[in-house]
Amino acid sequence: MKKGSSGNRKKRTRQDTLSRQRQYPARDNVYELNRIRQERERQNRQQQYTRYPQQRPVQQQTPQQKKKAANRRRHYAGRILPLFVFAVVVVYLMAQLAMMAVKKPEVNVETVAYGTIDTPRTRQGLIVRDEYVVNSDRTGTPFYQYSEGDYVKKAAVVCQVKDTASTDALEDKLASIDKNILESQKNRSDLSVFSEDIERLEKNMAGTVELFGSRSMKTDASYLYAMRTQLDSYLMQRNEIWLSENVEGLSQLNEEKSAYEQQLAQSMSSVSATESGVVAFSYDGLEETLTPEALENLTAAQISGSTDMTPISKVQSVAEGDPLFRVVTSNEWYMMSYFPNQDVIGWETGDVYQLNLIGEDTSVSVNATVSMLTPGESETKVVFTCFTHMSAFINQRMISFSMDSETVQGLKIPNDAIVEKTLLKIPVSCLTESNGVQGVLLVNGTNSKFMETEIVTSDESYVYISQNTQGLKIGDVILNGTGENAEQYTVSEVETSPGVYVANSSMAKFVPIRILDQNQEYAIAQSASTYGLQVYDTIVSDAKNITEGQSIY
């Protein structure tokens, strides 16, 4: 074959390819070898970094990676921050609740100062009236013809006192005789001397029935009661005419009736009112003593000594001399009371004041006139005159009343600060002193032991001591007096006193008070000199939250 022929060219091409494959391996095999080599190097570096972490190189981030990382941090911060704040708030609230559960209630205090309150002060008054009591003149059962509060005329028969054992039979016989007389008179009414009067009354009865009978019961039936009352009046007038007529044919019945009436009069008494007035069924035995004429001589002791009035029964039998009823003869009545001198400064006789009268069942306001002012050392006797509502208090001798709001001045204390405490009461002579400390000598068998006492308050004869478990208590025996004249005294008396807890120091201390007046919110107490409350003292505003001796601060 010639040089340059195609056969020689193909042969050379195969030889060149084999030569290159021997010199340069396959591309895929090279890539695989590189990957294996790199993996081995990475594993070797990982093992080395695990053994020696400080040799790990710091990877440098590209700007794009840094931006992505910053975005992730902002995203996580936007979600984590609200959750963190919420968790903090929850923990804070839980801590506050726990502290409130175990924390003692807060003790509020305030400083005592002078102040005033407007309050309707209730007073006691003594009622004086023109009145008299009528007593029974025999033993028997009373039968009343008037009710409480009815007005009676002079000489009107208020009640009859009967010996019912004999009067019942006599009244039955009289009723039978009256019935026979009426039957006889009806048969001869045309011959009666009073026939014209009887005829007129019967016509009036017929006219009354015809007049009322024309009304319809569908609208109102009350007219029936009026018709019955009017008919009863006509019948009574007619019967009185027949029974009073002296007829010869009825002489025997009239004689029997007269005899029974005489017997009945001996077995009963008719009791009349000696003067006109209003009937009342109660008494207290002071009707002749407490009169308007005696007002100048009445004293404060009669106000405190008066008792409730005794009711009079209308169904029980009475004995001779027992009260039957009372009659008040005038609508003008009087009320006597005592006022502190400073409360009536400027008052004059004739002044009119509005009084709020407080009765057992009712309360009313009346305009009362000052009719008498009698000054005393500390109090003034005041007599008021009233002309209304006499019947509302007809069965009362004592009455409570108040005037328009009065201003009271003193130490102003909230009602919530006031508590009551029971104090031991021992004679002043039981007190003794040791090393400048006051106390008592507690008897223990044949020996005596000095015990320090805390005096809460005192008066001329007694001291009042606070009770506690470590001090004096009920049943203890102490010495009363000194030396050979000392006697044993058993502590047994107590007294309840209102007071407040004073917080001048860090401990709550009970101090008694004297309340002058009080309304719904505040009380006015008197300023004391020794043991009591003083102006500018610090007191606990709400005493229910503490006990005596508790630490305030």
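By the 4.5 Å heavy-atom criterion applied to side chains, Glu287 and Arg397 are counted as neighbours. Between Val278 and Ile394, the closest side-chain pair of non-hydrogen atoms falls below 4.5 Å. When side chains are defined from C-beta on, Thr116 does not count as touching Ile524, because their heavy atoms never get closer than 4.5 Å. The side-chain heavy atoms of Asp343 and Arg123, taken from C-beta on, include a pair separated by under 4.5 Å. The closest side-chain heavy-atom distance from Val352 to Thr369 is below 4.5 Å. In this structure, the side chains of Met336 and Val382 stay at 4.5 Å or more apart for every pair of heavy atoms. The side-chain heavy atoms of Ser337 and Phe401, taken from C-beta on, include a pair separated by under 4.5 Å. Two residues are said to be in side-chain contact when any heavy atoms from C-beta on lie closer than 4.5 Å; Leu424 and Ile474 meet this criterion.
Atom CG of residue Leu295 and atom OG1 of residue Thr291 lie 7.0 Å apart, to the nearest 0.5 angstrom. Note that CG of Asp137 is 9.5 Å distant from OG of Ser270, once rounded to the nearest 0.5 Å. With rounding to the nearest 0.5 angstrom, the CE atom of Met335 is 6.5 Å from the CD1 atom of Ile399. In this structure, OH in Tyr489 is found 8.0 Å from CG in Asn480, a value given to the nearest 0.5 Å. Expressed to the nearest 0.5 Å, how far OG of Ser365 lies from CD of Gln354 amounts to 4.5 Å. In this structure, the separation between CD1 on Ile478 and CD1 on Ile426 is 4.5 Å, given to the nearest 0.5 Å.
Dense packing is recorded around NZ of Lys314, with more than 12 heavy atoms of other residues, nucleotides or ligands lying under 6.0 Å away. Residue-environment remark: CD (Glu433) exceeds the threshold of 12 foreign heavy atoms within 6.0 Å. Around the CG atom of Asn444, the shell of radius 6.0 Å holds no more than 12 heavy atoms that belong to other residues, nucleotides or ligands. Under a cut-off of 6.0 angstrom, the local environment of CD in Gln316 is sparse, with at most 12 non-hydrogen atoms contributed by other residues, nucleotides or ligands. A 6.0 Å sphere centred on OH of Tyr338 holds more than 12 heavy atoms belonging to other residues, nucleotides or ligands. Atom NZ of Lys425 has more than 12 heavy atoms from other residues, nucleotides or ligands within 6.0 Å.
Between the Asp351 side chain and the Glu348 main chain, a donor and an acceptor come within less than 3.5 Å of each other. A donor-acceptor pair is defined here as one N or O able to donate and one able to accept, closer than 3.5 Å; such a pair exists between the side chain of Asp284 and the backbone of Leu286. Remark: side-chain polar atoms of Asn504 are paired, donor with acceptor, to backbone N or O of Thr538 under 3.5 angstrom.
A salt bridge (charged side-chain N to carboxylate O under 4.0 Å, His left out) check over residues 322-335, counting only residues at least two apart or in different chains, returns the pairs Glu131-Arg326. Annotation: salt bridge (charged side-chain N to carboxylate O under 4.0 Å, His left out) contacts involving residues 139-153, sequence neighbours excluded, are absent.
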Checklist entry - What do the steps show when you test Asn367 against Phe387 for side-chain contact (heavy atoms from CB on, under 4.5 Å), and what is the final call? => result CA-CA 9 Å; Asn367 291 324; Phe387 291 89; over 6 Å; no
Checklist entry - Could you walk me through whether Asn356 and Met403 pass the side-chain contact (heavy atoms from CB on, under 4.5 Å) check? => result CA-CA 6 Å; Asn356 302 312; Met403 304 183 66; over 6 Å; no
Item to check | side-chain contact (heavy atoms from CB on, under 4.5 Å) assessment of Ile312 paired with Leu324 | outcome: CA-CA 7 Å; Ile312 298 174; Leu324 288 175; 5.9 Å; no
Checklist entry - Under the side-chain contact (heavy atoms from CB on, under 4.5 Å) criterion, do Val158 and Val271 qualify, and how do the steps go? => result CA-CA 6 Å; Val158 178; Val271 184; 5.9 Å; no
Item to check | Test log, rule side chain to side chain donor-acceptor pair (under 3.5 Å), inputs Glu495 and Thr422 | outcome: CA-CA 6 Å; Glu495 185 162 315; Thr422 302; over 6 Å; no
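Across Tyr501 and Ala543, no two heavy atoms sit closer than the pair CD1-CB, 3.9 Å. Of all heavy-atom pairs spanning Ser272 and Val157, the tightest one is OG-CG2, 3.6 Å. Scanning both residues, Pro427 and Val463, for their nearest heavy atoms gives O-CG2, 4.4 Å. When all heavy atoms are compared, the tightest approach of Ser276 to Lys154 is CB-N, 3.7 Å. Closest approach of Val440 to Cys430, counting heavy atoms only: CG1-O, 3.6 Å. Scanning both residues, Ile539 and Pro414, for their nearest heavy atoms gives CD1-CD, 4.5 Å.
With sequence neighbours excluded, the residues that form a side chain to side chain donor-acceptor pair (under 3.5 Å) with Asn415 are Gln518. Under the rule for a side chain to side chain contact (heavy atoms under 4.5 Å, CB included), the partners of Asn135 that lie at least two apart in sequence or sit in another chain are Val133, Pro323. With sequence neighbours excluded, no residue forms a ring-ring contact (aromatic ring centres under 6.0 Å, His included) with Phe450. Legend: residues meeting ring-ring contact (aromatic ring centres under 6.0 Å, His included) with Phe281, ordered by chain and number and at least two apart, are Tyr144. With sequence neighbours excluded, no residue forms a side chain to side chain donor-acceptor pair (under 3.5 Å) with Thr122. Scanning for side chain to side chain contact (heavy atoms under 4.5 Å, CB included) contacts around Val364 gives Leu357, Thr362, Val366, His389, Phe393, with sequence neighbours left out. Applying the salt bridge (charged side-chain N to carboxylate O under 4.0 Å, His left out) rule to Asp476 yields the partners Lys473; only residues at least two apart in sequence or on another chain are considered. Under the rule for a side chain to side chain donor-acceptor pair (under 3.5 Å), Asp130 has no partner lying at least two apart in sequence or in another chain. Applying the side chain to side chain contact (heavy atoms under 4.5 Å, CB included) criterion to Val535, with sequence neighbours excluded, gives Tyr114, Leu411.
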For residues 370-380, which side-chain N or O atoms pair as donor and acceptor with protein atoms under 3.5 Å away, sequence neighbours left out?
residue	atom	partner	partner atom	Å
Ser371	OG	Val383	O	3.1
Ser371	OG	Thr385	OG1	3.1
Thr380	OG1	Asn341	OD1	2.7

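Aromatic ring pairs are classed by plane angle as parallel below 30°, tilted from 30° to 60° and perpendicular above 60°; the pair Tyr353 and Phe384 is perpendicular.
Thr496 and Glu420 form no side-chain donor-acceptor contact under 3.5 Å, judged by distance and modelled atom types alone. Of the N and O atoms on the side chains of Gln160 and Ser269, not one donor lies less than 3.5 Å from an acceptor on the other residue.
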